[in-house]
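Whatever order the structure lists them in is the order used to number ligands and atoms, beginning at 1.
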Amino acid sequence: MTRTPVNVTVTGAAGQIGYALLFRIASGQLLGADVPVKLRLLEIPQGLKAAEGTAMELDDCAFPLLRGIDITDDPNVAFAGANVALLVGARPRTKGMERGDLLEANGGIFKPQGKAINDHAADDIKVLVVGNPANTNALIAQAAAPDVPAERFTAMTRLDHNRAISQLAKKTGASVSDIKRLTIWGNHSATQYPDIFHAEVAGKNAAEIVNDEAWLADSFIPTVAKRGAAIIEARGASSAASAANAAIDHVHTWVNGTAEGDWTSMGIPSDGSYGVPEGLISSFPVTCKDGEYEIVQGLEINEFSRGRIDASVQELVEERDAVRGLGLI
Ligand SMILES: NC(=O)c1ccc[n+]([C@@H]2O[C@H](COP(=O)([O-])OP(=O)(O)OC[C@H]3O[C@@H](n4cnc5c(N)ncnc54)[C@H](O)[C@@H]3O)[C@@H](O)[C@H]2O)c1
Ligand SMILES: O=C(O)C[C@H](O)C(=O)O
């Protein structure tokens, strides 16, 4: 355990997801059981006291891998030397707020954070945006960081991916570990498309096993795509522990790789693959190896999938055009 600690910055550290996330990072679940970490917690001034309370609890866990905790409300300090940044803090939509207002308010958060990452983060920085609207917030941060390779900015669709695996496991009676090669395409929103046409259940094609297009269209896809709203309805607050779990999964897979024969879903800048306009941060099937990801190529996209991918991508185009109109990118 003589390794140099990895600097992990978490924004919105005093929020619900932050509370579910920080203990898992400090215990080694984000990067590995032999990787020491230093935490940098970024909050707004009103959140600093609660973040200090969480830091006290982190101390009280006596995690062997945790080598320090800094708390700040200054992005330039929070991202100094950051190797991994989890951008969780965002402005939620409140009553009477239009979509444009939400994008503008989040631009006020993600633009300066992108600039601070550009100016102060470590050369190997990897960024995961969790705060909604995650794909477009990632685009805003990325645009403000021209010196950082664009592919280091990613958005979280791993929660959707995990939700889809769980629903498919229930439907087929398989265990979740038997399900491979599932894909979330598009936006982390109700237009996302969870695709089982290339997925496998215990080595057999999932769509053939299910063999029920009505279930796909009327049950599976809406259940996965609207799960976030269903959790809010049930809990009175948005998903937190499952979102933190997905953030851990996303970064762990990015850093440590996908299993042989499997892939995962990540919101990443498009290279034009599968007809998704270049530069949009959209969810794709990806494999990861040696800290890099690659889009899975050559999948045949049937008519059922094509229309759904295009609809979600169209929403991303509209979000991109809106933030462009606001001068945020
Ligand atoms: N991508 C996904 O799958 C997914 C899933 C669940 C939730 N989310 C999103 O994650 C975000 C956080 O959710 P939560 O439940 O933790 O919310 P929360 O309101 O409990 O916490 C957000 C925290 O961010 C802080 N914050 C606000 N502006 C900040 C800034 N400029 N810098 C640093 N901190 C700031 C707030 O003070 C607050 O403590 C929301 O946008 C939510 O919609 C995304
Ligand atoms: O916070 C939300 O709007 C929902 C969240 O993105 C989720 O998917 O659970």
Side-chain angles (χ1 to χ4, degrees), residues 9-22 40-55 70-79 85-94 97 99 102-117 127-138 140-141 144 154-164 166 184 186-192 194 222-251 265-267 281-283:
T9 301
V10 179
T11 77
Q16 306 189 80
I17 295 176
Y19 194 72
L21 184 60
L22 291 167
R40 298 262 172 67
L41 312 186
L42 180 68
E43 258 295 344
I44 52 174
Q46 307 89 289
L48 288 175
K49 190 148 188 264
E52 277 160 21
T54 305
D70 296 320
I71 304 168
T72 178
D73 61 1
D74 180 350
N76 294 315
V77 174
F79 294 112
L86 302 173
L87 308 190
V88 179
R91 174 77 159 79
R93 192 198 290 256
T94 41
M97 216 176 178
R99 206 160 107 136
L102 182 73
L103 291 170
E104 192 163 19
N106 278 297
I109 295 174
F110 287 87
K111 197 172 173 179
Q113 289 183 2
K115 182 165 184 346
I117 288 169
V127 181
L128 168 61
V129 176
V130 174
N132 282 322
N135 301 53
T136 298
N137 287 341
I140 293 169
T154 67
M156 191 164 92
T157 53
R158 184 62 174 264
L159 178 54
D160 311 299
H161 181 95
N162 290 345
R163 286 167 171 164
S166 175
I184 303 294
N187 201 0
H188 171 68
S189 77
T191 67
Q192 68 177 265
T223 299
V224 174
K226 295 182 188 161
R227 187 70 163 183
I231 304 266
I232 293 173
E233 175 67 27
R235 248 174 53 85
S238 78
S239 60
S242 57
N245 178 67
I248 296 277
D249 284 350
H250 176 113
V251 174
S265 305
M266 289 169 69
I281 298 196
S282 186
S283 189

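Every pair passing side chain to side chain donor-acceptor pair (under 3.5 Å) that includes a residue from residues 102-117 is listed here, sequence neighbours excluded: Lys115-Asp119.
Only the side chain of Arg163 comes within 4.0 Å of ligand 2, counting heavy atoms alone; its backbone N, CA, C and O stay farther away.
Tested against Val130 for a side-chain contact (heavy atoms from CB on, under 4.5 Å), the candidates Ile17, Leu159, Leu21 yield a single pass: Ile17. When the options Thr136, Thr157, Asp160 are evaluated for a side-chain hydrogen bond (donor to acceptor under 3.5 Å, both in side chains) with His188, the one that passes is Asp160.
Judged by distance alone, the side chain of Thr154 and the main-chain N or O of Val127 form a donor-acceptor pair under 3.5 Å. Side chain of Glu43 to main chain of Ala14: a donor-acceptor pair is present (N/O by atom type, distance under 3.5 Å, no hydrogens or angles).
Using a 4.0 Å cutoff on heavy atoms, His188 counts as a contact of ligand 2.
Considering only residues two or more places apart in sequence or on other chains, Asp73 meets the salt bridge (charged side-chain N to carboxylate O under 4.0 Å, His left out) condition with none of them. Listed by chain and residue number, nothing satisfies the salt bridge (charged side-chain N to carboxylate O under 4.0 Å, His left out) test with Arg227 (two or more places apart in sequence, or in another chain).
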Can you list the steps and then say if Ser239 with Arg163 is a side chain to side chain contact (heavy atoms under 4.5 Å, CB included)? CA-CA 12 Å; Ser239 60; Arg163 286 167 171 164; 3.5 Å; yes
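Short contacts between ligand 2 and Ser239, defined as distances under 4.0 Å to a heavy atom of the residue, involve ligand atoms 7 (C), 9 (O).
Taking all heavy atoms of Ala246, Gly228, Ala243 into account, the minimum distance to atom 4 (C) of ligand 2 is reached by Gly228.
Summary of contacts: the protein heavy atom closest to atom 2 (C) of ligand 2 is Asn132 ND2, 3.5 Å.
Listed by chain and number, Gly12, Ala14, Gly15, Gln16, Ile17, Leu42, Glu43, Ile44, Val88, Gly89, Ala90, Ile109, Gln113, Val130, Gly131, Asn132, Met156, Leu159, His188, Ser238, Ser239, Ala243 each place a non-hydrogen atom less than 4.0 angstrom from ligand 1.
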